[in-house]
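See structure below.
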Amino acid sequence: MEWLQQLINGISLGSIYALIALGYTMVYGIIKLINFAHGDVFMIGAFIGFFAISRWDLGFFPALLLAMVVCALLGVFIERVAYKRLRNATRIAALITAIGVSLLIEYTTIFFRGAQPEAYPNVVSSKTFQFLGAQISMQSIMILSVSIVLMLILQFIVHKTKIGKAMRAVSYDVEAARLMGINVDNTISVTFAIGSALAGAAGVIFGVYYTKIDPLMGIIPGVKAFVAAVLGGIGIIPGAVAGGMVLGVVETIVSALGFSSWRDAAAFIILILILIFRPSGIFGKNTREKV
Amino acid sequence: GSKDQSTTSGSKGNSSKEVKIGLNLELSGNVASYGSGIAKGARLAIKEINDNGGIDGKKIVPVEIDNKSDAAEATAAAIKLATQEKVVAQIGSATSGNTVAAVQIANKNKMPVIGPSATSPTVTVNSDNSVNEYAFRTCFIDPFQGRIAANFALNTLKAKNVAIFSDSASDYAKGLAKSFKETIEENGGKVVAEESYVAKDTDFKSTLTRLKSKKPDFIYIPGYYEEVGLIVKQAREAGITVPLMGGDGWDSPKMVELAGGDSLNNTFFTNHYSSEDPDEKIQKFVEAFKGANKDQAPDAFNALGYDTVYWLKDAIERAGSTDGEKVKDALAETKDLSLVTGTFSVDENHHPVKSATVLEFKDGKQVFNSKVNP
Amino acid sequence: MKKSKIFWIYIAVALVVYAIVELLIVNGQLDMYYSNLFITIAINIILAVSLHLVIGITGQFSIGHAGFLAVGAYISAIFTTNLGFPFPVALIIGAIVAAVAGLIVGIPTLRLKGDYLAIATLGFAEIIRIIFLNIDYVGGAAGMQVDYLTTWTYAFFGVLITIIVIANFTNSRHGRACIAVREDEIAADAMGINTTYYKVLAFAIGSFFAGLAGGLFAHNFFIIQPSQFGFLKSFDILIYVVLGGLGSLSGAVIAAILLTVISLYLQDFPETRMIIYSLVLIIVMLYRPSGLMGTKEITDFFKFNKKAKGGKVNE
Amino acid sequence: MSDLLLKVENVGIQFGGLKAVSGLNMEMHAGELIGLIGPNGAGKTTSFNMLTGVYKPTEGTIIFNGKKTNNMSPHQVTKSGVSRTFQNIRLFKDLSVLDNVKVANHSLAHHSVISSIFRLPSYFSGETKMEQESIEFLKIFGLDPYMNELAKNLPYGMQRRLEIARALAAKPKLLLLDEPAAGMNPQETQDLMGLIALIREKFDLTILLIEHDMGLVMGICERIYVLDHGQLIAEGKPEEIRNNKKVIEAYLGEEVTE
Amino acid sequence: MLTINEINVFYGNIQALKGVSLEVNEGEIVTLIGANGAGKSTLLKTVSGLLKPKQGTIEFQGKTIAGKAAQTIVKAGISHVPEGRRVFSNMSVEENLDLGAYLRKDHKAVAEDKERIFKIFPILLERRKQLSGTLSGGEQQMLAMGRAIMARPKLLLLDEPSMGLAPLMVKTIFHTIEEIRKEGTTILLVEQNAHMALSIADRAYVIETGHVVLSGLAKDLQEAEQVKAAYLGGL
Ligand SMILES: Nc1ncnc2c1ncn2[C@@H]1O[C@H](COP(=O)(O)OP(=O)(O)OP(=O)(O)O)[C@@H](O)[C@H]1O
Ligand SMILES: Nc1ncnc2c1ncn2[C@@H]1O[C@H](COP(=O)(O)OP(=O)(O)OP(=O)(O)O)[C@@H](O)[C@H]1O
Ligand SMILES: [Mg+2]
Ligand SMILES: [Mg+2]
């Protein structure tokens, strides 16, 4: 029973990682940018949700929507101001800029409201029910379903819709995409908007689930989401969910065995092992460069 | 770095009409919330003192430096405060490690350092038991709180099989856990499980599930409210109903918001004071702090930062000088000084000797339970 | 042999600078504040230059350099503080152990490419940090108190040796092989270059000097804690290299100096410090995406030769 | 005929479900100049990749100079004496022209890392030797005036030539050229033919080349292998190939244009 | 149909086109020949909006297009098959073709066009689901042309379509070019294979180091000594 409970714990932790990793992998998949600011957009989303619920008395869903919209706009703004100029620069230059943007968001937030944490109000039922002697909370079921639904939607958008095809075309060859009549700037903006809206949604859900939010809350989940995305095969949407789950379950198992102070190390060890045996992640196709 | 020329005149800001005090704090980086908590308390105290005419007529001029929660930066900041700014004394840092980093600098430059929340004994006492002349602290030392909690668990709550759940990335939490464990075992109790988490974690369910299966009748959770709030909430959700207890890191109005009032029933913590204490000094502080900080109620860091400034003021006044050596002596000779976080004297190891209060949460309110004298 | 003469001129200039600073320190004209600043700059230069070899020259996207810094710091601290070895010996042992750690990390991970390599190196650095966090012998989270032994002399010669070794390595057939790996791994392989060997070699040399910097770092700050070696520290080092200009050794040096000074200066603005710092970072990258120096070296401006970088040897 | 240099026995490779090459048999003797032709996608480049260790054949053996090279990595194959150019030019774009050649010269000098770092005498002699030799190669290709240019700044035709120079600097016995004349106009192609003949003489090379320009192939190759759908469909002298039914049908088309 | 007037184009400080003027009439095949680096590709890129001319004008069907965004120019009816194929390598052959029709809304006609392309290039049908990055060089060239045709352009810009193709394929490609022209598409063709290009073109321009040095009817140029010597080789 304890182990069933632990498995459930692992999956609910994993779905949080999956949720954040989805937006990460989406942006990465299209413009190959390790968007370190993703975790901070996630944080902003959490705060927007917080203010919406506790100061402006909105319900959970309106707050979620508001956070997604604001984050989408923020994401587009960041892209236009900070990343657009760097499209032709080295990837590493864009990475440094992303680190800069991440610090900027974190410390601007601290500047305006301080570094102390905030506690999310209780808006979604935190009921739990019993299943074979294990406890499952309504909230974790909600998070898991949200992650999976979003994954399906994203997968559909990217692979089946016109804008999705445009996104993929842009990701492989910007110039050739232009020649197809694709508006590259808009396509990238849409990508950022979707990715950032996902981050915002994840922020609100995170806040509701774990209660505590603070201006630096995005750093660790940001890195974990990156790990999850890479585990699954970066750029691959179902991979983000799978990677998140693997990460969540591994961390839980390590803690359950009594090695909780090693759990981050274990997460990275799993990552490295998987990469050694499958250098492009669980779902990544190991396409060798054709010479 | 020669920002203001007015202070380049050598003798420690003594000559002019001001008293320079350095604040070497974690204002960014991973423990920014502790450092800025101290800063808020200290700023309030400085403002009050200056509004009331300063120290012996001299205004306090704070020099704030952000050490980015990093010991190397804290060292550099201490050097700057001592050699460039030539402050009378340094307040900070929030963590023991960052304070230790400044201590050698302090000794060399005769600049007293007071760590408002540097709980580790090593801040003031070296491994060879010699005392660092210029190092002080405002808070309890770790072993003290751990001992009180252990006695409380054994004697008041009649616990036998206890568990410990502490922050392995915090020397504070580890220090408390260590003395708690020692005291429990010396007095016939049994530690059935010892688990740890890492600061900034948000998900503790797996370890809590594991703890639950060990069936303890009391769990000691030293750590800071940021994580403990979540731990208490998740523990109750996981069906852990036994009493939980922690130290002064629990003291924050956020604790109730994070954990929820119901979850906090049957939890206890040791603290310097109770913000619910009707004592005039305390209530005055709580009101003033709320007034200055958008109605935010103070936490332990705020209170300690506040008290540290007043303690320093007291010492400078008693020394009648801003000379580092004299201030240091005055700090060491502090006797029965009454501040918000208690009335204390300084012992030969530069530990403040003050009584601790055990508080209990009842429906989201901190309720006085008992007082333990050192 | 004209080039080797120039080499000696550089060395002579460097030694004169060293002597002047040392004199000022001994005479007390430069107080602790400045000597600490110079030592910090020196440490950061060593870090920047060592990572420059890995990223700038060999093109391997490593973002876990702080891990090797940590190894050097802890190992050398153990050898001086706990075991009573002389400081220089401890420094070398720290560097060697860091190089070995570099080999252990490098051999399995350097098969990975690009971002996969990045996250793997970041992961290894975190693992190293967590290991120290869990070892009570080195104080765990509370950290380890270390004797204050680093002086301007140690720091200066650390920098000098690092730069000479890495510059000489770069300007040899071995360095060229590394650059070829950076430019096009498949073509390099087809030209008979053992790409794995050179990647691992560059990584080990880079780790060695990061370890050296770690030794100097540990003994300059009284205390070391695992939290000082997190990935944000790795990013700081990465920023030196990229901001200076990928592939430019002098760029890495200049950026390390500049950013250390800026960071120190910003201590006076605690509230806005990180905001200003991040804005500087973003603006520099936006307006000079290839870094301050691009791929040029400072010597290029003295037009000793005007060749593409990495190909400077024609003594 | 002189010694057997390369023997390819029943070599094949599979990518997922696709058999890109199968049952390939070839023999090359020292000093020969041989063409490898075939329709697009026939598996020519893939065969090169197997010969140079970039791909590992899933079946068969490759014996070069008496040694089995199947499982060697590319740099080992190169050291054993096979070097190549690429269909899509793969120069070290941000290196100077001279350094491009020096990279390929890598194994000619033997000064160690230690000797480089400490600038021991072997370093100076080794580097000097490499530099002189590299310049010699550039001279042959008329590239010496551009030796300090970045490779990416060269015009296309020169880049192709530089790639050949670079491949030669690795001192191969067998040189593999993948569409060396692609993107060249007829005049430039003519010059290239002369150049190939020249280096072959001068360096005692055996050459295998892939090319779609029939003028070039028929003009200089002594023997030709024809691949189609991964299989050898013909082998012989240019005359024979030109009139081979299968080849005409699969590759050349009805009237052979020149 | 297309009128280029005195354009100057730069890469940074390097001037690649120096006052080039050129005209393409409706229904024509115009070819552009010249040595490597003469600026042929640059010219095509400028027409399709990938580069912006510093000076000069470009008009397409009476409307000025110089400096417009590439997607606007595609919409106006110009399709460009770039040098080096530039297929979307991690997408399947079919998806590449679909992207060619990105701006089109007439789904039925798009499907028909796709069938037609599979008829012209049967190998593409065979490789329909294969990722285009793993196609051979020649296969990719066919795909790139097919993709451009999918846009049903009025003017097709072709940059060295015969590069790297087998002789039979070269014939197919040139045959296809003529076919496409017959269906009413105007073509501006850049070629190294000057023989073939001149044999199907109506008119031709010779371009050298950024200047147009010669122009005229294709069959006249075929005879011109200057062209023979430089571009037709001694064959
Ligand atoms: N890495 C790979 N993965 C999958 N298929 C591949 C790979 N490399 C080559 N192929 C397939 O193998 C076949 C042969 O390709 P190859 O490049 O050898 O052709 P080629 O004869 O060189 O043609 P061309 O003259 O057009 O260059 C092609 O159908 C190609 O799609
Ligand atoms: N991205 C670029 N940056 C700088 N210079 C360039 C760039 N692209 C082309 N050039 C230069 O512009 C000139 C014209 O190049 P262009 O590609 O138009 O030639 P081309 O006639 O198409 O030659 P080819 O037959 O080799 O395709 C050349 O000198 C080339 O070096
Ligand atoms: Mg090929
Ligand atoms: Mg061209």
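Labels below follow one simple rule: chain letters A, B, ... track the order of the sequence lines, proteins then strands, and each chain is numbered from 1. The analysis underlying the following values was restricted to heavy atoms, covering all of them including side chains, and did not include hydrogens, waters or symmetry mates.
For the side chain to side chain contact (heavy atoms under 4.5 Å, CB included) criterion with D:Ile210, the lone passing option out of D:Val217, D:Thr85, D:Asp178, D:Leu177 is D:Asp178.
Using a 4.5 Å cut-off between heavy atoms, D:Ser112 contacts chain C through its backbone alone, with no side-chain atom that close. Proximity to chain D is absent for every atom of C:Ile166, based on heavy atoms less than 4.5 angstrom apart.
Top candidate by heavy-atom pairs under 4.5 Å with chain C, chosen from D:Gly126, D:Ala170, D:Ala109, is D:Ala109. Between chain C and the options D:Arg166, D:Lys79, D:Lys93, heavy-atom pairs under 4.5 Å are most frequent for D:Arg166. Listed options D:Met130, D:His111, D:Glu163 were ranked by heavy-atom pairs under 4.5 angstrom with chain C; first place goes to D:His111.
Shortest non-hydrogen contact noted between C:Phe61 and C:Thr121 is O-OG1, 4.0 Å. When all heavy atoms are compared, the tightest approach of C:Leu103 to C:Ala204 is CD2-CB, 3.8 Å.
Applying the ring pair (Phe, Tyr, Trp, His ring centres under 6.0 Å) criterion to C:Tyr197, with sequence neighbours excluded, gives no partner residue.
Taking the six-membered ring for Trp and thresholds of 30 and 60 degrees, D:Phe203 and D:Phe137 have nearly parallel ring planes, at less than 30 degrees apart.
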